[in-house]
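Comments concern the structure below.
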Protein chains: 2
Amino acid sequence: MRKTWEKQFDYFNKRVTPHRRAIIEIFEEENRHLSAEEVYMLLKKKEEKVGIATVYRNLDLLSQMGLLHRVNFGDGKEYYEMTRVLPGEHHHHLICTKCGKVVDYSELVGEEHEFLNRLEKKLSNKYGFLTQSHQIYFYGLCEDCQLICES
Amino acid sequence: MRKTWEKQFDYFNKRVTPHRRAIIEIFEEENRHLSAEEVYMLLKKKEEKVGIATVYRNLDLLSQMGLLHRVNFGDGKEYYEMTRVLPGEHHHHLICTKCGKVVDYSELVGEEHEFLNRLEKKLSNKYGFLTQSHQIYFYGLCEDCQLICES
DNA sequence: TGTGAAATTGATAATTATTATCAAAATGTG
DNA sequence: CACATTTTGATAATAATTATCAATTTCACA
Ligand SMILES: [Mn+2]
Ligand SMILES: [Mn+2]
Ligand SMILES: [Zn+2]
Ligand SMILES: [Zn+2]
């Protein structure tokens with residue numbers, strides 16, 4: 001009954017606590033972008049007595065451990081989402097600059113992978129930079145906001 | 001002696017003020033990522049008497065007008081940089097997750113353009129999303145931090 | 001199956017970045 | 001130049017996140 005992610009805790013010399021289990025569980029259940037405050041609220045709803053500082057600390061830790069991805073949509077808070085490793089689950093984000101709506105997309109991830117691999121090799125040669133992850137953001141107008149702009 | 005960017009102010013029905021001129025001038029001179037606080041300090045150094053609120057307001061305005069790009073490197077503040085339109089000036093960012101160093105890169109922008117064009121078309125069809133701009137971030141370890149990690 | 005050193009946590013104070021307020025000053029159209 | 005409108009400055013307010021530190025919990029190992 002040892003969860004697959006627990007080996008990550010061994011590797012980082014971190015302890016597996018009920019709070020940490022609960023936070024990961026929240027992300028598995030919700031499967032969406034969550035802010036620290038939202039995670040805190042969802043934990044309370046599950047009767048998990050936890051302090052907000054612990055939530056912040058653990059979101060930071062879990063993203064450093066690679067179990068969560070930290071994303072920023074420009075609204076002043078940080079969001080987190082479960083790191084999905086299966087090929088079909090890799091995705092990026094469309095952000096509407098008018099209403100703030102965020103859409104996950106995973107179109108052309110094959111081509112993306114091929115292109116970024118080539119790019120990473122160049123960056124490694126030229127800057128000595130070792131890439132661990134990447135994020136692509138598209139900014140623009142969602143369907144609804146385009147209509148509003150025309151009128 | 002009308003600057004090339006002044007037509008943008010007409011288009012957005014905004015007034016050209018000395019502060020706005022001075023802020024744009026700062027970015028032209030410094031040619032790097034600047035936070036609101038840094039812009040504020042640089043303006044003071046130039047004897048430009050301005051309030052910090054005005055700096056925030058105008059950085060926001062200038063990026064909405066497309067004259068500045070707003071970027072986020074995950075350190076809790078927003079940064080801005082001059083929008084460069086020439087083909088060779090389009091670039092993205094490498095961010096060291098250990099020391100926070102940020103490097104501009106512009107490798108493979110040709111391939112990037114070709115790939116993103118194809119992607120944008122797909123996203124437009126599937127989600128009705130109209131792309132205005134995009135950002136790519138690579139997270140990893142800079143050369144120095146890789147050495148420190150090995151030892 | 002305990003022990004204890006080290007890690008984690010909670011309550012809350014502190015910090016930091018950014019936004020709101022609103023009267024005074026500046027802009028630019030006609 | 002006049003004046004309707006926009007912009008600005010000082011500063012209060014807000015909001016997200018981090019620091020503090022004593023109490024509690026974890027887990028390696030005896
Ligand atoms: Mn997502
Ligand atoms: Mn840059
Ligand atoms: Zn929208
Ligand atoms: Zn580094």
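Naming: A, B, ... by sequence-line order, numbering from 1 per chain.
- Residues satisfying the salt bridge (Lys or Arg N to Asp or Glu O under 4.0 Å) test with Arg32(B), not counting sequence neighbours, are Glu30(B).
- Val85(A) forms part of no hydrophobic cluster, judged by ILVMFWY side-chain heavy-atom separations under 4.5 Å.
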Can I get a per-line list of side-chain donor-acceptor pairs under 3.5 Å for residues 34-47 of chain A, giving both atom names and the distance, sequence neighbours left out?
residue, atom, partner, partner atom, Å
Ser35(A), OG, Glu38(A), N, 3.2
Ser35(A), OG, Glu38(A), OE1, 3.3
Glu38(A), OE1, Ser35(A), N, 2.8
Lys46(A), NZ, Glu25(A), OE1, 2.9
Lys46(A), NZ, Glu29(A), OE1, 3.3
Lys46(A), NZ, Glu29(A), OE2, 3.0

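- At dT25(D), none of the side-chain N or O atoms of His19(A) fall inside 4.0 Å of OP1 or OP2 (strictly under the cut-off).
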Along nucleotides 11-20 of chain C, 5' to 3', which nucleotides get a B, which get an S, and which get a -, given that the test is a protein heavy-atom distance under 4.0 Å? BB----SBBB

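- Put simply, Asn13(A) has no side-chain N or O that comes within less than 4.0 Å of OP1 or OP2 on dC27(D).
- Contacts between residues 22-29 of chain A and DNA chain D, counted as heavy-atom distances below 4.0 Å, involve no residue at all.
- Whole-Å rounding puts the Phe12(A) CZ to dA6(C) P distance at 22 Å.
- Between Arg20(A) atom CZ and dG10(C) atom C1' there is a gap of 14 Å when expressed in whole angstrom units.
- The salt bridge (Lys or Arg N to Asp or Glu O under 4.0 Å) test applied to Arg70(A) returns Asp60(A), not counting sequence neighbours.
- End-to-end axis angle of the helix from dT1(C)-dA30(D) to dG30(C)-dC1(D), from C1' rotation axes over five pairs per end: 50° (rounded to 10 degrees).
- The nearest pair of heavy atoms linking Cys145(B) to Cys96(B) is SG-SG, 3.6 Å.
- Residue Gln135(A) holds its CD atom at 11.5 Å from CD1 of Ile136(B), rounded to the nearest 0.5 Å.
- The distance between atom CD of Gln64(A) and atom C1' of dT18(D), rounded to the nearest whole Å, is 14 Å.
- Note on Glu6(B) versus Arg21(B): salt bridge recorded, some NZ/NE/NH1/NH2 to OD/OE distance being below 4.0 Å.
- The nearest whole Å value for the distance from the NZ atom in Lys49(B) to the C1' atom in dT7(D) is 19 Å.
- Considering only residues two or more places apart in sequence or on other chains, Asn117(B) meets the side-chain contact (heavy atoms from CB on, under 4.5 Å) condition with His113(B), Glu120(B).
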Protein heavy-atom contacts under 4.0 Å, written 5' to 3' over nucleotides 24-30 of chain C as B (base), S (sugar-phosphate only) or - (none), form the string --BBS--

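- Listed by chain and number, the hydrophobic cluster partners of Val102(B) are Val71(A), Phe73(A), Tyr79(A), Ile95(A), Val102(A), Tyr137(A), Tyr139(A), Val71(B), Phe73(B), Tyr79(B), Ile95(B), Tyr137(B), Tyr139(B), where partners are ILVMFWY side chains within reach of under 4.5 Å, directly or through others.
- Here the two rings, on His90(A) and His134(A), have centers that are under 6.0 Å apart.
- Not counting sequence neighbours, the partners of Phe9(B) by the ring pair (Phe, Tyr, Trp, His ring centres under 6.0 Å) test are Trp5(B).
- Applying the side-chain contact (heavy atoms from CB on, under 4.5 Å) test to Arg118(B) and every residue at least two apart in sequence or in another chain returns Leu108(A), Glu111(A), Glu114(B), Phe115(B).
- Between Glu48(A) atom CD and dT25(D) atom C1' there is a gap of 14 Å when expressed in whole angstrom units.
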Should His93(A) and Asp104(A) be marked as a side chain to side chain contact (heavy atoms under 4.5 Å, CB included) after you check the CA-CA gap, both sets of side-chain angles, and the distance that decides it? CA-CA 5 Å; His93(A) 299 100; Asp104(A) 288 359; 3.0 Å; yes

